[in-house]
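Encoded as structure tokens, the structure appears first; notes follow it.
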Protein chains: 2
Amino acid sequence: MRNPKEAAHKATGPILGHTQRGQCSKRLSILDAAAEVFCREGFAGASIDEIAVEACVSRQTIYNHYREKETLFTAVVEDVMNRTNSSLYSILATFPDKPDSLEDDLSAFAVRLTKNCLCNQDGKFLRKLVQSEGERYPQLFEGWRKHGPGKIGTALAALFARLSYGGALQMEDFDLAARQFLALVNADLQILTLFGESPTDEQLETAARNAVRTFLRAYSAPATNAPASQPPVKAVG
Amino acid sequence: MRNPKEAAHKATGPILGHTQRGQCSKRLSILDAAAEVFCREGFAGASIDEIAVEACVSRQTIYNHYREKETLFTAVVEDVMNRTNSSLYSILATFPDKPDSLEDDLSAFAVRLTKNCLCNQDGKFLRKLVQSEGERYPQLFEGWRKHGPGKIGTALAALFARLSYGGALQMEDFDLAARQFLALVNADLQILTLFGESPTDEQLETAARNAVRTFLRAYSAPATNAPASQPPVKAVG
DNA sequence: GTCAAATTAGACACTATTGTCTAAAACGTC
DNA sequence: GACGTTTTAGACAATAGTGTCTAATTTGAC
């Protein structure tokens with residue numbers, strides 16, 4: 001789902017959608033529908049006709065824009081990856097720099113992350129498709145590995161490093177802490193998302209709060225420890 | 001892969017396999033091959049002929065034993081689920097009751113869990129298939145949800161409760177702690193397993209050690225808290 | 001209104017797959 | 001060695017999907 005307008009179109013059903021959307025953006029319509037169907041059926045199970053119906057477009061139009069099924073598939077993956085990456089970076093920019101309450105601010109950050117990246121439609125798409133088609137298209141998802149969870153991991157690690165030098169956290173391996181932070185946030189969520197359910201806002205907040213509390217119990221600097229003595233940054237390998 | 005003998009058969013290739021295995025157990029041969037192919041290709045992408053070749057069996061034999069493709073699929077899922085469940089229970093029985101070193105014993109336990117349940121061929125199969133076909137066959141994987149990670153969670157929670165009452169751990173929500181323990185153990189592993197790679201023993205041990213140290217920093221009882229601060233072992237990725 | 005480009009429906013050939021059927025072969029048991 | 005069962009190879013119809021082609025229609029720009 002690309003934006004609220006299209007969500008509204010989806011809601012009205014395919015009948016009205018025909019002329020509702022400017023014909024200049026059939027490509028977007030196709031990409032959205034294809035993402036939906038590929039996610040639901042997998043690459044092999046998805047049929048071009050099904051995508052055409054869902055996109056309110058003739059099959060031939062799909063073949064005009066994207067030469068063949070595989071071309072369409074890679075286009076969809078790259079589209080979703082780009083959207084997710086940009087969303088990811090804008091969220092990373094909201095990381096609590098000088099936190100008022102570390103627990104509250106980290107929790108809110110974790111909620112933003114899960115709600116807009118990890119647990120939304122795009123996140124579900126990437127999770128499913130990387131899992132089912134990742135081995136078949138290694139170079140296609142290599143970008144996801146590097147710029148998706150890979151990048152989020154190193155970015156988070158850098159942010160944790162800043163908090164450590166500021167004296168709020170105490171840890172030796174920032175990358176490890178970042179991976180564990182993400183793992184803890186997902187701990188309560190993955191069972192829900194595995195079955196396609198979208199967690200409610202309340203569930204997201206509970207999961208984030210639980211994760212952050214445990215994370216801080218493990219990594220918050222002891223109150224007695226002055227922020228003066230900090231371990232040196234270990235080179236990231 | 002059902003047992004070492006069959007692994008040997010696989011290694012010799014399909015040519016000799018024909019008569020090598022007693023014909024009484026064609027069913028097992030079919031189940032193994034079907035698991036392999038379903039896991040690799042997904043339900044829609046897997047073809048009966050492909051399974052037949054991999055099982056060194058004629059297509060008709062498959063239809064004799066399992067009426068249709070979907071019957072075979074559910075049989076495979078139930079077979080893998082049963083195997084995983086029994087393996088799971090035997091591993092849960094090895095949970096450190098009266099631990100000598102909590103860190104060492106919990107780490108060793110986590111390694112057993114990942115090596116024999118979560119990261120082996122069956123674990124990969126279930127993860128992939130639950131993800132890709134879980135929404136299509138909800139009742140089929142409902143058992144997995146309850147008796148797989150659901151059961152492992154509650155079982156672990158009970159074991160953590162015992163350790164807590166024994167004074168080794170301190171926590172309020174045992175179920176939450178169990179989910180977080182599993183999440184932490186998977187933190188370093190899921191990126192590897194997502195792309196089909198099997199973690200080495202060394203990676204498994206490192207991941208377990210990292211997880212357990214963070215877990216204990218968050219949850220070990222205050223008395224034993226002092227000597228718990230150690231540098232983490234180096235990262236897996 | 002005109003025109004070029006985009007879109008459409010539908011037919012089409014081609015391939016792959018499912019599931020059935022049959023007759024021959026292999027097997028295990030006696 | 002004989003017999004009933006299992007397995008096998010192959011042909012087979014039926015179905016579904018991919019990708020192409022064409023001719024008609026719609027669209028947007030002028």
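All values below come from the heavy atoms of this structure, side chains included, with hydrogens, waters and symmetry mates left out. The shown structure was predicted, so the numbers you read here are calculated from the model rather than taken from an experiment.
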When rounded to whole Å, the CD to P distance for the pair E50(A) and dA16(D) reads 13 Å
L28(B) atom CG is separated from dT7(D) atom C1', nearest whole Å, by 16 Å
Within residues 59-69 of chain B, those residues having any heavy atom closer than 4.0 Å to DNA chain C are R59(B), Q60(B), Y63(B), E68(B), K69(B)
Between R179(A) and A187(B), the two heavy atoms sitting closest are O-CB, 4.0 Å
Answer with base, sugar-phosphate or nothing: what part of the nucleic acid does A52(A) contact at a heavy-atom distance below 4.0 Å?
nothing
Checklist line | Check: N120(B) side chain, G123(B) main-chain N or O, donor-acceptor pair, under 3.5 Å | finding: yes
Between S90(B) (side chain) and S87(B) (backbone), is there a donor-acceptor pair under 3.5 Å? yes
Applying ring pair (Phe, Tyr, Trp, His ring centres under 6.0 Å) to F73(B) and not counting sequence neighbours gives F38(B), F43(B), Y137(B)
Whole-Å distance, I51(B) CD1 to dT17(C) C1', equals 12 Å
Atom CG of D49(B) and atom C1' of dC12(D) are separated, to the nearest Å, by 14 Å
Between CZ of F73(B) and C1' of dT17(C) the distance, given in whole Å, is 17 Å
Ring of Y66(A), cation from R27(A) - is the NZ or CZ under 6.0 Å from the centre and inside 45° of the axis?
yes
| query | Do E78(B) and N82(B) have a side chain donor and acceptor closer than 3.5 Å? | reply | no
Bend of the helix from dG1(C)-dC30(D) to dC30(C)-dG1(D) from end-axis comparison, five pairs per end, nearest 10°, comes to 30°
note: L72(B), atom CG; dT18(C), atom P; distance rounded to Å ~ 10 Å
query = Distance-only, no hydrogens or angles: does the D79(A) side chain make a donor-acceptor pair with backbone N or O of A75(A) under 3.5 Å?
reply = no
Rounded to whole Å, the CD1-C1' distance (I48(B) to dT20(C)) equals 14 Å
Does the T193(B) side chain pair with the main chain of Q190(B), one donor and one acceptor, at a distance under 3.5 Å? yes
R27(A) CZ to dT7(C) P, in whole Å, measures 10 Å
query: Between T114(A) and C119(A), is there a donor-acceptor pair closer than 3.5 Å when you use the side chain of the first and the backbone of the second?
result: no
Review point. Just checking A44(B): base, sugar-phosphate only, or nothing, at a heavy-atom cut-off of under 4.0 Å?
Key: nothing
